[in-house]
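Below is one structure; the comments refer to it alone.
FYI, side chains are in, hydrogens and waters are out, and symmetry mates aren't considered; it's all heavy atoms of this structure. Sequence lines set the chain letters: A, B, ... in the order given, protein chains first and strands last, and positions in each chain run from 1.
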Amino acid sequence: MMSDSSKTKYWRANLKVVVFLLSVWFLVGYGLSIFFIESMNQINIGQLGLGFWMAQQGSIFVFVALVVIYAVVMDRLDRKYNVSD
Amino acid sequence: MFSLNVAEPLLAQADPARIWTWTFVGVTFAIYLYIGWRSRVKETRGFYVAGQGVPAIANGAATAADWMSAASFISMAGLISFSGSDGSVYLMGWTGGYVLLALLLAPYLRKFGHYTVPDFIGARYYSDTARVVAAMCAIFVSLTYVAGQMKGVGVVFSRFLEVELWLGVVIGMGIVAFFAGLGGMKGITWTQVVQYFILILAFLIPSIAISSMLTQDAIPQSGFVFSDISERLNEVLMELGEQEYTKPFGKFSQLNVFCITAALMFGTAGLPHVIVRFYTVKNVRAARYSAVWAIIFIAILYTTAPALGLFARYNLIKNLHESQVTQIELQTGDAKPQSFDFPGSREAAFEAVQQAQTKNEQAANDSSIPKTSITYFLKSPDGKPLNWATQWQNTGLLKVDDLDRDGRINLKLMEIKGTDGKTVKRSELAKIDKDIIVLSTPEVAGLPPWVIALVAAGGLAAALSTAAGLLLVISSSLAHDLYIRFFDPSASETKKVMVGRVAILLGILVAGYFGVYPPGFVGEVVAFAFGLAAASFFPVIFLGIFSTRVNRAGAISGMIVGLVFTMTYIILCTADKVLPFLFDAPILTADQWLFGISPQGIGTLGMLLNFVVTWLVSLGTAPPPKEVVELVEGIRLPGQAGSAIGH
């Protein structure tokens, strides 16, 4: 059984990972793709405005990356605190 | 040339697309039946959570199929196609919500390990009231949703196989009843895995073909970015007097793009039929990795959809704009159709059309006058006959009207004086349903008949997989959360499974009935189901995991305030459609919307209210008991996820 302090540490570390990843999620999904889409459209990617591309396709690639990073980082965290089963 | 009315049955039978479709549908249905038979189960653990031994990658594919409904497959690319840049609300809403689910809910709910979402809410908030409220919400959301899937099955059958809509629905019901009733979650899981591969192939093949044709790039995702197709489409749209495709905030205001995206995201994360998929894997780690596989599988379709939407809009305009009328056919009731060839009998044709339109206007107010259907046979500007356009007119999803009677269909917006003296802007494309975009792409692009058949099988796979997942939620809510718990807690395993089967069959019957005779509110509520889920489920599940202070009183008042607020606002804004027998106009019109927020986006505000109420009420009342705090601390640690406890 793990001690209460290492439980708390594991939970804190977990929260940090989630808060960081969701900040990226918010910045990409809402910031670049909605609030600042018009200024982002001044920049081009290929033949499209960057804002339009982000809103329709780029953000989805970022979302996939976030879920992958979460699984990998949490795996490491589980091993570090020895909580995996 | 054949018509959908089966006027020439022999010719219709010889149509290769139909033979292919029957073959594909027959083979895929046989596979679903076989899997259902192979995975028949005897105990509740197999019935509700597939024995909790599903590998992560298989659960990923099953989750993706569960998640992507008839709407994702059939309607979404079309919605995007007609919304341009603002179509991003659907793309980001339905994928971004998945990030929330994967990071904030799935691993913890798996650790909790019970069978259903109401189980979690009931245990976390130590309250049977909370459990019942959650079970009712789950049944309500799932039932309205499943009716839409059943209707999707019927539409595919009637369009591609010329089977009556009701018969299509009945066939679909029979198939689902077999594999879901017999195999429960186990049967559903493995059929969903197969259904994922069918639907993704069916989506990708036509997309790749149309991308190669229009952009010379076989990968739709890169053709979308690197070819000049978006510029070409923008130019064409400007010429027609419409807004540029890539310009934001044409369809929704910026505030509404934000609110609708958020409502879809948080609603998606709270949908019970997707959450329960994470109960089927071995442990917390497998739950995280099945989330990885699922979002990869989902992203394959969701990054293709915006490309398909753009390509299809361009292709449609190129084919229809300036197309020539070759023949007009009029049919009243069951009478023999009257047919006029162009250009020979043009004058007579338009005279007949004029009379039919006047009569149809009268028929709108007087049901004793039979309606006349007017079908245009068209030839594209480069001389190809547009058979698909004729067929879609027969389903009523596409309507053209040669307003200036010049024998050509012009998509340019024109100012037309209506009968009430007001000028309206419209083009000679009188109506086009969003569902046409995906279903007609193979025909518009001139692809071989087997591709058309594959799209039909894919649409069915998408509809059936989601329907099965939803039906399991309905069954588990009715049988496990309500009946067994409150009326027969000492039932044997065999009896529990039997009750579950009966509940699935009940769900299928109700869903099928709604699929054939959709009450006005079903169509409306489906569009708002996400907002309702966001306003009711998400905050309570999230706070239940991330706070140990939130208690029973907080959760129940939060759920009720969020749900009632959102529901009331939606009803006020859509009174004419939800309660047509009471109102002929919405009580709140678009210029009276609260802060200008549309009913589709109001769930975001409802969710914020739910959060605030849950938190404040919890702080004002006693903290939850010690066992509940221990339960919450337990689900935060991945170890010993094990099997469901307490059953």
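Atom-to-atom distance recorded for A:Met74:CE and B:Tyr289:OH is 11.0 Å, nearest 0.5 angstrom. B:Phe266 contributes atom CZ, which lies 5.0 Å from atom CG of B:Leu100 (distance to the nearest 0.5 angstrom). Taking CE from B:Met607 and CE from B:Met265, the interatomic distance works out to 11.0 Å, rounded to the nearest 0.5 Å. Put simply, NZ on A:Lys9 and CG on A:Asp4 are 12.5 Å apart, with the number rounded to the nearest 0.5 Å.
For the set B:Thr246, B:Ile296, B:Thr261, the entry with the most heavy-atom pairs within less than 4.5 Å of chain A is B:Thr246. Note: B:Tyr108 leads B:Tyr108, B:Tyr98, B:Tyr302 in heavy-atom pairs under 4.5 Å with chain A. Contact count versus chain A (heavy atoms, under 4.5 Å) is highest, among B:Trp293, B:Phe226, B:Phe249, B:Phe258, for B:Phe258. Between chain B and the residues A:Asn14, A:Val62, A:Leu21, A:Val67, the largest count of heavy-atom pairs under 4.5 Å involves A:Val67. Chosen from B:Asp228, B:Ile295, B:Val89, the residue pairing most often with chain A at heavy-atom distances under 4.5 Å is B:Ile295. Counting heavy-atom pairs closer than 4.5 Å to chain A, the top-ranked of the candidates B:Val257, B:Val292, B:Thr303 is B:Thr303. Chain B forms the most heavy-atom pairs under 4.5 Å with one residue out of A:Trp53, A:Tyr10, A:Phe61, A:Tyr81, and that residue is A:Tyr10. When each of A:Asp78, A:Asp75, A:Val64, A:Asn44 is scored by its heavy-atom pairs under 4.5 Å with chain B, the top score falls to A:Asp75.
With a 4.5 angstrom heavy-atom cutoff, B:Gln254 touches chain A via backbone and side-chain atoms both. At a 4.5 Å heavy-atom cutoff, B:Ile298 makes no contact with chain A through either its backbone or its side chain. Using a 4.5 Å cut-off between heavy atoms, B:Ile229 does not touch chain A at all. Contacts of A:Ile37 with chain B are made by side-chain atoms alone, with heavy-atom separations under 4.5 Å and no backbone atom involved. Proximity to chain A is absent for every atom of B:Ser222, based on heavy atoms less than 4.5 angstrom apart. Neither the backbone nor the side chain of B:Tyr90 comes within contact range of chain A; no heavy atom of the residue lies under 4.5 Å from a heavy atom of that chain. Residue contact with chain B, scored on non-hydrogen atoms closer than 4.5 Å, involves the backbone and the side chain of A:Phe63 alike. Residue contact with chain A, scored on non-hydrogen atoms closer than 4.5 Å, involves the backbone and the side chain of B:Ala262 alike. For chain B, no part of A:Val17 is nearby; none of its heavy atoms comes within less than 4.5 Å. Heavy-atom distances place both the backbone and the side chain of B:Tyr245 under 4.5 Å from chain A.
Shown here is A:Phe20, whose CZ atom has no more than 12 heavy atoms of other residues, nucleotides or ligands within 6.0 Å. For A:Leu77, the CG atom is densely surrounded, since the number of other residues' heavy atoms within 6.0 Å is greater than 12.
In this structure, B:Phe546 has its ring center under 6.0 Å from that of B:Phe542. For B:Phe297 and B:Trp67, the ring centers are positioned 6.0 Å apart or more.
In this structure, B:Arg232 is positioned above the aromatic face of B:Tyr314, its NZ or CZ under 6.0 Å from the six-membered ring centre and within 45° of the axis.
B:Ser211 and B:Asp217 are not linked by any side-chain donor-acceptor pair at a separation below 3.5 angstrom, with hydrogens and angles left out of the test. Side-chain contact, B:Gln221 with B:Thr304: a donor N or O sits under 3.5 Å from an acceptor N or O.
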